[in-house]
Enquirer: 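The structure follows.
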Amino acid sequence: MKERIGVYICHCGGNISDYVDVEQLSEMMKDEDGVVIAKNVMFACADSNQKEMINDIRDKNLDSIVVASCSPKLHLHTFRGVAQRAGLNPFNYVQVNIREQCSWPHSDHPLDATKKAVGLIRAGIKRVARSKALENIVIDAKKAVVIVGAGVSGMRAAIDLAKMGNDVFLVEKDFFVGGRVAQSGELFMTNQKGKQLVEQLYNEIKSLNKITLFTGATLEKISGSLGNFNVSIKIKPRFINEKADEKLLNQAISECSVEVPDVFNYGLTRRKAIYKNYPEALPDKYVVDAEALKNEKEFLKKFSSCIDIYQPDETLTLNAGSVLVTTGVDTYQPEENEFGYKKLNGVITLPELKRLMELNPETLIYNNKKVRSVAFIYCVGNRQSKGKNKYCSRFCCTSTIHTSLQLKEKYKDVRAFHFYRDIRTYGKQEILFEKSSKQGDVYLRFDEKEPPVVEMNGNKLVVKVKDYITTKKELELETDLVVLVTGMVSRSDSSSLAEILKIPIGNDKFFNEIHPKLKPVETVIKGVFIGGSCQGPKNVSESVQSSLAASAKINALIKSGRISLDPIVATVDKDICVWCGKCAEVCEYDALKEIKAEGKNIASVNMASCTGCGICAPVCPVDAIQIAQYTNDEIESMIDGFMQKIELKEKSGEEEVQAEGAVTMKEYPQIWKQILQSINEKPKTIPEISKELEINNDLVTYHLMTMNKYSIVESAGLDKKETYHLYKQKN
């Protein structure tokens with residue numbers, strides 16, 4: 001039991017003290033059992049207050065502290081740091097949230113807000129009195145990373161992680177690297193070819209001996225935890241003998257007569273059963289389509305020394321400290337007859353047009369006919385108020401306009417018409433829209449309720465639309481090609497991958513990070529990170545930025561070979577546990593396993609996997625599981641504290657009037673007038689005002705924050721040393 005407790009109750013610049021009577025609270029808490037000191041402070045998180053708390057802990061020999069202020073999400077680590085700097089165990093500290101839980105939600109009933117705050121602070125005191133000193137858990141970490149997906153994001157992350165000294169296993173399910181970017185022609189804004197970028201990254205990967213690339217490989221199973229994952233991958237064979245005679249293999253390729261639709265070219269062309277995605281595809285090795293060749297018995301017999309379609313799959317287990325998922329996206333595939341797709345000759349998607357342009361370097365030909373005009377229809381399969389894919393993929397507008405510019409540059413006489421709902425070429429890409437307009441592209445705006453209609457008029461492809469820019473005048477356009485601008489959707493196998501890795505996916509099937517701003521590349525599974533467009537629609541630059549952010553996080557985690565983890569985890573009482581398995585059934589993180597100890601089977605907690613969520617404790621029928629900092633004793637004591645009788649002193653009428661006056665600002669307090677007079681001639685910093693008025697720094701800070709809240713003063717930038725904010729009267 002802790003018997004020398006310090007309690008600090010924060011005003012939070014009026015955020016709390018405008019509604020919660022913090023002065024009375026601090027007086028009440030002085031009488032609580034074990035409390036040595038109870039203070040109300042202007043800003044608990046201010047540097048000056050932190051120093052004062054450290055002095056109090058040392059001078060009064062405090063053995064635990066309670067801070068009643070804002071959410072622990074904001075300042076839990078701030079005050080743990082205070083405790084640590086003062087020589088106190090950081091886990092002998094409890095933060096009570098009286099801002100988000102009292103003053104903000106109960107601002108209409110200040111007395112109730114204060115009553116609730118009394119209960120919460122008493123609960124915090126009772127809990128900290130029973131707190132135990134804890135030490136962080138330190139585990140060994142393998143300095144190796146498995147990256148799933150060898151698109152540009154995965155390749156770039158692999159290079160960075162390898163250069164930082166980590167072993168990298170790059171796993172790609174296709175037989176060639178590069179992903180969607182390899183299918184693209186010129187990329188905006190650099191106009192570098194997609195396959196050139198892929199080649200550049202691949203050559204860099206080959207120069208780094210710390211990267212091992214697996215192609216034709218898929219993730220099968222994962223076990224272990226942060227610092228020590230065991231990742232099983234299944235590798236499909238290329239069905240070509242590694243020691244095959246090169247001349248004979250080339251002869252086989254030449255004589256192979258079996259052709260199938262080329263998936264890489266979206267079925268616009270056919271490829272042989274022995275193939276590469278494109279001539280420069282990497283790794284520079286052919287693959288045999290075993291299914292397509294299985295009936296070619298004579299052919300297989302003739303080239304049996306180099307082709308073997310009966311090679312088995314291989315399974316490998318990789319040991320790594322962390323896993324990064326960069327599996328990218330698919331593009332939306334329109335349904336049959338959606339804007340005439342797959343039904344009318346001449347209706348294709350934007351990715352298909354890009355492949356068509358790559359395959360026709362001189363003249364744009366589709367179905368043996370020269371293309372002279374192209375009509376783009378935007379937002380196909382995206383931004384739908386009804387049905388799937390309600391989100392905007394954002395990159396499509398820029399990609400379409402860039403393609404339109406390429407059409408003009410490459411084929412000169414091709415005209416482009418854009419049927420759009422909104423145009424979003426954001427940031428530096430806005431210049432593309434300007435160029436497109438200047439080159440004569442025609443833009444016609446339609447509404448989602450009245451989308452364009454694509455139909456055949458004789459042998460002519462026609463697009464009809466109501467142009468919302470010209471008072472909904474109905475226009476009819478004959479065109480050679482209709483291009484459906486389709487957005488991004490999650491990979492078709494994202495659900496199965498999420499199931500293997502146990503990471504969450506959203507309703508849109510993209511992988512979910514913990515928090516888009518605070519933890520944008522972390523998942524709920526410790527050590528498993530996500531990067532690139534598997535998180536949601538991104539262009540190439542944004543995808544690479546995201547995967548590099550994940551690489552930096554991973555390296556920071558495993559670089560020392562040791563990882564320090566929060567000790568708030570489940571613990572099992574070996575004497576009580578009789579292993580019924582119920583705790584393991586409810587654990588979403590596979591943190592509980594059955595082990596044999598002292599002649600009986602009991603539950604064991606994997607500290608690296610356990611998140612301290614506490615779901616296992618209430619299902620244990622013999623009460624053998626406790627969560628550190630949330631033990632039965634601590635929780636029961638909190639309930640006792642909260643349920644204690646509360647006797648608040650009612651404020652006198654005069655006090656109420658004064659308090660109301662301060663809140664409603666019927667007239668400024670004298671100190672506000674002094675501050676305004678001080679900054680009247682020129683803006684000043686808090687220390688300058690404090691010195692001039694000979695008033696305590698904290699008091700000036702408190703009143704300035706409150707004046708700022710009511711728009712009486714505002715910041716005028718930083719001082720010359722960029723140390724303090726200058727304040728001036730708001731006009």
Side-chain angles (χ1 to χ4, degrees), residues 1-13 15-17 20 22-99 101-102 117-138 564-568 628-631 633-635 637-638 641 696-699 701-702:
M1 285 283 288
K2 301 291 180 287
E3 295 176 345
R4 300 194 64 78
I5 303 168
V7 180
Y8 298 86
I9 304 166
C10 183
H11 286 252
C12 196
N15 271 302
I16 295 172
S17 56
V20 175
V22 294
E23 287 90 355
Q24 189 176 177
L25 281 179
S26 60
E27 287 300 315
M28 289 175 72
M29 295 309 144
K30 285 177 182 171
D31 298 330
E32 292 297 311
D33 291 343
V35 174
V36 174
I37 180 172
K39 288 182 176 179
N40 64 87
V41 293
M42 297 300 174
F43 289 98
C45 57
D47 287 348
S48 55
N49 185 66
Q50 290 184 41
K51 287 175 186 171
E52 195 174 318
M53 287 170 72
I54 291 171
N55 291 336
D56 286 347
I57 292 168
R58 288 172 178 166
D59 295 345
K60 299 187 182 303
N61 196 25
L62 300 181
D63 55 13
S64 54
I65 55 171
V66 174
V67 178
S69 58
C70 52
S71 167
K73 284 185 178 177
L74 287 174
H75 284 301
L76 180 77
H77 293 285
T78 303
F79 297 114
R80 275 188 185 172
V82 168
Q84 204 158 19
R85 292 199 296 278
L88 194 65
N89 186 285
F91 296 95
N92 290 138
Y93 147 70
V94 166
Q95 180 150 357
V96 177
N97 183 355
I98 60 168
R99 190 177 72 177
Q101 293 182 359
C102 297
V118 174
L120 291 175
I121 297 170
R122 277 179 175 161
I125 293 169
K126 298 283 184 190
R127 179 181 161 200
V128 85
R130 287 158 177 77
S131 65
K132 291 181 180 174
L134 302 172
E135 296 298 330
N136 275 359
I137 299 161
V138 178
S564 178
L565 300 173
D566 201 294
I568 302 173
Q629 285 218 317
Y630 297 93
T631 61
D633 192 27
E634 285 168 286
I635 290 175
S637 67
M638 286 172 71
N696 182 284
N697 235 5
D698 289 345
L699 200 58
T701 305
Y702 166 67

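Below, all heavy atoms of this structure are taken into account, side chains as well, without hydrogens, waters or symmetry copies.
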Enquirer: Residues two or more places apart in sequence or in another chain: which of them pass side-chain contact (heavy atoms from CB on, under 4.5 Å) with L565?
Expert: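 Partners of L565 under the side-chain contact (heavy atoms from CB on, under 4.5 Å) test: I137, I139, L226, I563, A608.
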Enquirer: Show, in sequence, the C-alpha distance, side-chain angles and deciding distance for E23 and H11, and conclude whether the side chain to side chain contact (heavy atoms under 4.5 Å, CB included) test is met.
Expert: CA-CA 9 Å; E23 287 90 355; H11 286 252; 3.5 Å; yes
Enquirer: According to side-chain hydrogen bond (donor to acceptor under 3.5 Å, both in side chains), does anything in residues 118-130 pair up with another residue at least two apart or in another chain? List the pairs.
Expert: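 Checked against side-chain hydrogen bond (donor to acceptor under 3.5 Å, both in side chains) - neighbours excluded - the pairs reaching residues 118-130 are E32-R122.
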Enquirer: Show which side-chain atoms of residues 41-55 pair as donor or acceptor with protein atoms under 3.5 Å away, not counting sequence neighbours.
Expert:
residue: S48; atom: OG; partner: D698; partner atom: OD1; Å: 3.1
residue: N49; atom: ND2; partner: A44; partner atom: O; Å: 2.8
residue: Q50; atom: OE1; partner: R85; partner atom: NH2; Å: 2.9
residue: Q50; atom: NE2; partner: C45; partner atom: O; Å: 2.8
residue: E52; atom: OE2; partner: K39; partner atom: NZ; Å: 2.7
residue: N55; atom: ND2; partner: K51; partner atom: O; Å: 3.4

Enquirer: Roughly how far, to the nearest 0.5 Å, is the CE atom of M29 from the CD1 atom of I121?
Expert: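 The CE atom of M29 is 5.0 Å from CD1 of I121, to the nearest 0.5 Å.
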Enquirer: Pair up each side-chain donor or acceptor in residues 59-67 with any protein partner under 3.5 Å, not counting sequence neighbours, and list the distances.
Expert:
residue: D63; atom: OD1; partner: R4; partner atom: N; Å: 3.1
residue: D63; atom: OD2; partner: E3; partner atom: N; Å: 2.9
residue: D63; atom: OD2; partner: R4; partner atom: N; Å: 3.3

Enquirer: List in chain and number order the residues that pass side-chain contact (heavy atoms from CB on, under 4.5 Å) with A117, two or more places apart in sequence or in another chain; answer none if no residue qualifies.
Expert: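 Applying side-chain contact (heavy atoms from CB on, under 4.5 Å) to A117 gives V20, L25, I98, C102.
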Enquirer: Would you please name every residue forming a side chain to side chain donor-acceptor pair (under 3.5 Å) with K30, sequence neighbours left out?
Expert: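 Here the qualifying residues are E27.
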Enquirer: Who pairs with N136 by side chain to side chain donor-acceptor pair (under 3.5 Å), at least two apart in sequence or on another chain?
Expert: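 Per chain and number, N136 pairs via side chain to side chain donor-acceptor pair (under 3.5 Å) with S564.
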Enquirer: Would you name the heavy atoms of S69 and I16 that are closest together and state the gap between them?
Expert: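 Shortest heavy-atom contact: O-CD1, 3.7 Å.
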Enquirer: Tell me, with the steps shown, if L120 and M638 meet side chain to side chain contact (heavy atoms under 4.5 Å, CB included).
Expert: CA-CA 8 Å; L120 291 175; M638 286 172 71; over 6 Å; no
Enquirer: Out of curiosity, I9 CD1 to M28 CE, how far, rounded to the nearest 0.5 Å?
Expert: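 Those atoms lie 9.5 Å apart.
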Enquirer: For N97, enumerate each residue passing the side-chain contact (heavy atoms from CB on, under 4.5 Å) test, keeping only those at least two apart in sequence or located in another chain.
Expert: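 Counting only residues at least two positions away or on another chain, N97 forms a side-chain contact (heavy atoms from CB on, under 4.5 Å) with S71, P72, R99, E100, Q101.
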Enquirer: Looking only at heavy atoms, what is the nearest atom pair of C10 and C12, with distance?
Expert: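 Reported closest heavy-atom pair: SG-N, 3.1 Å.
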Enquirer: With sequence neighbours excluded, what pairs up with T78 under the side chain to side chain donor-acceptor pair (under 3.5 Å) test?
Expert: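 Listed in chain order: H75.
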Enquirer: Under 3.5 Å, which donor-acceptor pairs link side chains of residues 86-94 to any protein atom two or more places apart or in another chain?
Expert:
residue: N89; atom: OD1; partner: F91; partner atom: N; Å: 2.8
residue: N89; atom: OD1; partner: L134; partner atom: N; Å: 3.3
residue: N89; atom: ND2; partner: L134; partner atom: O; Å: 3.0
residue: N92; atom: ND2; partner: S131; partner atom: OG; Å: 2.9
residue: Y93; atom: OH; partner: Q95; partner atom: OE1; Å: 2.4

Enquirer: Which pair of non-hydrogen atoms, one from A129 and one from I5, has the smallest distance, and what is that distance?
Expert: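 Looks like CB-CD1, 4.0 Å.
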Enquirer: Which residues satisfy the side chain to side chain donor-acceptor pair (under 3.5 Å) test with T701, sequence neighbours excluded?
Expert: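 T701: no side chain to side chain donor-acceptor pair (under 3.5 Å) contacts found.
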